[in-house]
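Below: the structure, in structure tokens.
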Amino acid sequence: MKKSHPIRRVLLASAATVSGIVLLLSLKPATDSSSASAQGAAQGAAAAQESPQGGAAAAGTSTITGAATQTEYGVVQVRLTVANGKITKAEAIQAPKGGTSDQKTALSVPKLNQEAVATQSADITSVTGATYTSGGYKKSLQSAIDKMKAAGAAAPSQSSAAAAPAAPAAQAKTVIGDVATTQYGPVQVRITVAGGKITKAEAVQAPSGGTSDQKTALAIPKLNQEAVAAGNANIDSVSSATYTSGGYKKSLQSALDKAGV
């Protein structure tokens with residue numbers, strides 16, 4: 001048969017077509033397989049990226065506002081930021097202002113905020129020169145803490161309830177003594193007691209105004225320290241603050257009696 005014969009050309013063309021189809025059929029599964037693998041890998045990567053987001057969520061925070069407390073120089077109100085049952089931030093959203101109150105607020109509130117976070121309680125020291133603001137701050141702070149505890153006072157888990165009777169830790173409690181009236185003003189002491197011992201003492205009221213501010217600032221820290229060290233009201237009076245010292249010891253003894261120490 002001649003090379004140029006029409007039948008020869010038809011046979012050659014048919015053979016080429018069949019070879020091409022066979023080649024395409026052999027390549028297609030491989031292409032689909034690699035494509036499926038690539039898609040599967042992409043989906044796996046996407047799932048890996050989404051998994052952490054859907055896993056453990058970050059611990060949320062909440063804000064709690066204490067009751068507004070009226071003082072002689074204005075209203076004080078404290079707001080707390082709480083996370084995992086702990087105070088992470090404290091701020092006064094209301095505080096005395098105008099005249100000398102601006103200076104006293106600017107001096108006292110930052111210190112009170114810091115101490116509230118540090119102590120995690122309202123057992124904080126009053127700022128000298130801002131007694132009324134400090135007192136109002138502590139009352140509003142205690143109100144906010146009470147709300148915080150009430151919000152987290154859900155029934156304890158079974159594991160906690162089971163563990164509690166095993167080895168109960170000594171619970172700390174605060175006790176406020178009676179107000180002792182002195183020639184220069186009232187004195188009132190609050191103590192924190194744990195395990196039958198005084199762990200902290202502070203004067204929630206003390207003489208103020210004029211020279212009393214200086215005497216109070218000098219005497220109260222010493223009396224507080226000695227009360228904790230002695231564990232009773234048999235403490236030495238501070239020179240030049242005899243009346244304040246006497247009132248302090250009377251109120252301290254009252255607090256100790258109430259605490260049963």
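Values in this document were obtained by computation on a predicted structure and should not be read as measured data.
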When rounded to the nearest 0.5 angstrom, what distance separates CD in Gln114 from NZ in Lys89?
-> 13.0 Å
Please assess Gln188 against Ile176 for the test side chain to side chain contact (heavy atoms under 4.5 Å, CB included), listing each intermediate value before the final yes or no.
-> CA-CA 7 Å; Gln188 189 174 26; Ile176 300 179; 3.2 Å; yes
So the side-chain hydrogen bond (donor to acceptor under 3.5 Å, both in side chains) pairs with at least one residue in residues 252-261 (sequence neighbours excluded) are Asp178-Ser254, Asp178-Lys258, Gln253-Asp257
Out of curiosity, does Val179 fall in the hydrophobic cluster containing Val189 (side-chain heavy atoms, cut-off under 4.5 Å, transitive links)?
-> no
Distance from Lys149 atom NZ to Lys147 atom NZ, nearest 0.5 Å?
-> 15.0 Å
Val109, Val76: one ILVMFWY side-chain cluster at the under-4.5 Å cut-off?
-> no
Should side-chain heavy atoms under 4.5 Å link Ile, Leu, Val, Met, Phe, Trp and Tyr, which residues sit in the same cluster as Ile93?
-> none
Within one Ile-Leu-Val-Met-Phe-Trp-Tyr cluster: Val187 and Val238, side-chain cutoff 4.5 Å = yes
Residues forming a side chain to side chain donor-acceptor pair (under 3.5 Å) with Ser245, sequence neighbours excluded | none
Where at least one partner belongs to residues 78-129, residue pairs that pass ring-ring contact (aromatic ring centres under 6.0 Å, His included), sequence neighbours excluded = none
In the hydrophobic clustering that connects Ile, Leu, Val, Met, Phe, Trp and Tyr at side-chain heavy-atom distances below 4.5 Å, which members other than Tyr73 occupy its cluster, ordered by chain and number?
-> Tyr132
Does any N or O in the side chain of Lys104 come within less than 3.5 Å of the main-chain N or O of Thr133, such that one atom is a donor and the other an acceptor?
-> no
CD of Gln205 to CZ of Arg190, rounded to nearest 0.5 Å, is 11.0 Å
Residue pair Thr128, Thr216: steps toward the side chain to side chain contact (heavy atoms under 4.5 Å, CB included) verdict = CA-CA 8 Å; Thr128 304; Thr216 293; over 6 Å; no
Can you name the nearest heavy-atom pair linking Gln77 to Gln94, along with the distance?
-> OE1-NE2, 2.7 Å
Rounded to the nearest 0.5 angstrom, the CG-CD distance for Leu112 and Glu91 is 13.5 Å
Check whether any side-chain heavy atom of Thr125 sits under 4.5 Å from a side-chain heavy atom of Glu115, and report yes or no.
-> yes
From CD (Glu202) to OH (Tyr248), nearest 0.5 Å = 8.5 Å
Please report the shortest heavy-atom distance between Val228 and Ala201, naming the atom on each side.
-> CG2-N, 3.8 Å
Above 12 or not: heavy atoms from other molecules or residues under 6.0 Å from CD of Gln214?
-> no
Could you walk me through whether Ile87 and Thr81 pass the side chain to side chain contact (heavy atoms under 4.5 Å, CB included) check?
-> CA-CA 6 Å; Ile87 301 171; Thr81 301; over 6 Å; no
OG1 (Thr192) and NZ (Lys197) are apart, to the nearest 0.5 Å, by 15.5 Å
Leu141 and Ala122 have their tightest heavy-atom pair at CD2-CA, 3.7 Å
Determine the minimum heavy-atom distance between Ala90 and Leu80, stating which atoms define it.
-> CB-CD2, 3.7 Å
Output yes when a side-chain donor or acceptor of Ser140 lies under 3.5 Å from a complementary backbone atom of Ala67, and no otherwise.
-> yes
For side chain to side chain contact (heavy atoms under 4.5 Å, CB included), just list the numbers for Ile191 and Leu256, CA-CA rounded to whole Å, side-chain angles, deciding distance to a tenth of an Å, and then say yes or no.
-> CA-CA 8 Å; Ile191 59 175; Leu256 289 168; 3.9 Å; yes
Nearest heavy-atom pair of Gly185 and Pro207: which atoms, and what distance?
-> O-CG, 4.1 Å
Between Asp236 and Leu223 the two heavy atoms that sit nearest each other are O-CD2, 3.7 Å
Apart from Tyr184 itself, residues in the same hydrophobic cluster as defined by side-chain heavy atoms under 4.5 Å = Tyr243
Is it true that Val127 and Ile124 fall in one hydrophobic cluster, defined by side-chain heavy atoms closer than 4.5 Å?
-> yes
May I ask whether Ile235 and Val204 are part of the same hydrophobic cluster, defined by side-chain heavy atoms of I, L, V, M, F, W, Y residues being less than 4.5 angstrom apart, directly or through others?
-> no
Looking just at side-chain N and O atoms, do Thr69 and Lys138 make a donor-acceptor pair shorter than 3.5 Å?
-> no
